[in-house]
J.: 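Below is a structure I'd like to ask you about.
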Amino acid sequence: QVQLVEFGGGLVQAGGSLRLSCVASGSGFRFNAMGWYRQAPGNQRDLVAKITRGGNTNYGDSVKGRFTISRDNAENTIYLQMDSLKPEDTAVYFCNAIVTEIGLDRFEYLYWGQGTQVTVSS
């Protein structure tokens, strides 16, 4: 099975920065894509950023130019550098991974971390 663990959430002032990490573990799996989603109370879980093994990235419109996702494929770890934070960024941030089983490479599986709270004060 696959496990995702997030680190780095916390409280920050508006205009400040945070860096989130997500460490993925799971022998026998290929991590095809990983990303970050966030969910504020009463809201949907929305895409923040995602990245493929080849380094292609996609960002939600509200974070473009402020957040940067990166990936260390050797460790199956992703990072989210969040700059110029706004109160609207306050949410639980979830790590996501899309994987295939090595040797099968046909069916994709979706995994989620438990989330880390990011709170931006005004």
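None of these values were measured; they are calculated from a predicted model.
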J.: Please lay out, stage by stage, how Q13 and S121 fare under the test side chain to side chain donor-acceptor pair (under 3.5 Å).
T.: CA-CA 5 Å; Q13 299 277 356; S121 64; 3.2 Å; yes
J.: For V120 and V118, what are the C-alpha separation, side-chain angles and deciding distance, and is it a side chain to side chain contact (heavy atoms under 4.5 Å, CB included)?
T.: CA-CA 7 Å; V120 184; V118 172; 4.2 Å; yes
J.: Do V99 and F107 land in one hydrophobic cluster if side-chain heavy atoms of ILVMFWY residues count as linked below 4.5 Å?
T.: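 Linked within one cluster.
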J.: What's the shortest heavy-atom distance between Y111 and L4, and which atoms?
T.: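 It is O-CD1, 3.5 Å.
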J.: At what distance, to the nearest 0.5 angstrom, does CZ of F7 lie from OG1 of T77?
T.: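 Spacing of CZ (F7) from OG1 (T77) equals 9.0 Å.
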J.: Indicate if V2 and I102 have the same hydrophobic cluster label, given that clusters are the connected sets of ILVMFWY residues with side-chain heavy-atom separations under 4.5 angstrom.
T.: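 Per the 4.5 Å side-chain linkage, V2 and I102 are not co-clustered.
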J.: To the nearest 0.5 angstrom, please state how far the CG atom of D72 sits from the CE atom of M34.
T.: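 Separation between the atoms: 10.5 Å.
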J.: Taking atom CD as the centre, does Q114 end up with more than 12 heavy-atom neighbours from other residues, nucleotides or ligands that are less than 6.0 angstrom away?
T.: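 No - once you tally the heavy atoms of other residues, nucleotides and ligands closer than 6.0 Å, there are 12 at most.
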J.: Nearest 0.5 Å please: distance from the CD1 atom of I98 over to the CZ atom of R53.
T.: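 Reported value, rounded in 0.5 Å steps: 13.5 Å.
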J.: Test side chain to side chain donor-acceptor pair (under 3.5 Å) on S62 and R38 and set out the steps.
T.: CA-CA 12 Å; S62 64; R38 68 186 183 186; 3.1 Å; yes
J.: Validate the cation-pi geometry between R71 and Y79: distance from NZ or CZ to the six-membered ring centre under 6.0 Å, angle to the ring axis within 45°.
T.: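 Not satisfied by the 6.0 Å and 45° rule.
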J.: Which atom pairs, donor and acceptor, lie under 3.5 Å between side-chain atoms of residues 15-30 and protein residues at least two apart or in another chain?
T.:
unit_1 : atom_1 : unit_2 : atom_2 : d
S17    : OG     : D83    : OD1    : 2.7
R30    : NH1    : D105   : OD1    : 2.6

J.: Under the criterion salt bridge (charged side-chain N to carboxylate O under 4.0 Å, His left out), I'd like the reasoning laid out for K64 against D61: C-alpha separation, chi angles, the key distance, then a yes or no.
T.: CA-CA 6 Å; K64 289 180 179 177; D61 289 340; 3.1 Å; yes
J.: Measure the acute angle between the ring planes of Y37 and W112, then classify it against the limits of 30° and 60° as parallel, tilted or perpendicular.
T.: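 Ring orientation of Y37 relative to W112: perpendicular.
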J.: For a quick test of reading the model, state the closest non-hydrogen atom pair linking A40 to A91 and the distance between them.
T.: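 Reported closest heavy-atom pair: N-CB, 3.9 Å.
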J.: Distance-only, no hydrogens or angles: does the T116 side chain make a donor-acceptor pair with backbone N or O of G9 under 3.5 Å?
T.: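 Yes; judged by distance alone, with no hydrogens or angles, the pair exists.
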J.: Evaluate the side-chain proximity of F67 to I69: yes if any heavy-atom separation is below 4.5 Å, no if none is.
T.: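 Of all side-chain heavy-atom pairs linking F67 with I69, none is under 4.5 Å.
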J.: Given side chain to side chain contact (heavy atoms under 4.5 Å, CB included), test M82 with Y93 step by step and report yes or no.
T.: CA-CA 12 Å; M82 304 185 292; Y93 284 69; 3.9 Å; yes
J.: Going hydrophobic residue to hydrophobic residue with side-chain gaps under 4.5 angstrom, can you get from L85 over to F94?
T.: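 Looking at the clustering, F94 is in a separate group from L85.
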J.: Carefully, step by step, assess W36 and C95 under the rule side chain to side chain contact (heavy atoms under 4.5 Å, CB included).
T.: CA-CA 5 Å; W36 293 94; C95 183; 4.1 Å; yes
J.: Could you go through N32 and T100, starting from their C-alpha distance and side-chain angles, then the distance that decides it, and tell me whether this counts as side chain to side chain contact (heavy atoms under 4.5 Å, CB included)?
T.: CA-CA 7 Å; N32 299 321; T100 55; 3.1 Å; yes
J.: I need the N96 CG to I78 CD1 distance, nearest 0.5 Å.
T.: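 Between atom CG of N96 and atom CD1 of I78 there are 7.5 Å.
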J.: If hydrophobic clusters are built from ILVMFWY residues whose side chains come within less than 4.5 Å, do V92 and L80 share one?
T.: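 No, separate clusters.
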J.: Mark yes or no for whether R66, through its side chain, and S84, through its backbone, hold a donor-acceptor pair below 3.5 Å.
T.: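 Looks like yes, one N/O pair under 3.5 Å.
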J.: Do V48 and V12 land in one hydrophobic cluster if side-chain heavy atoms of ILVMFWY residues count as linked below 4.5 Å?
T.: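 Yes: a chain of side-chain contacts under 4.5 Å links V48 to V12.
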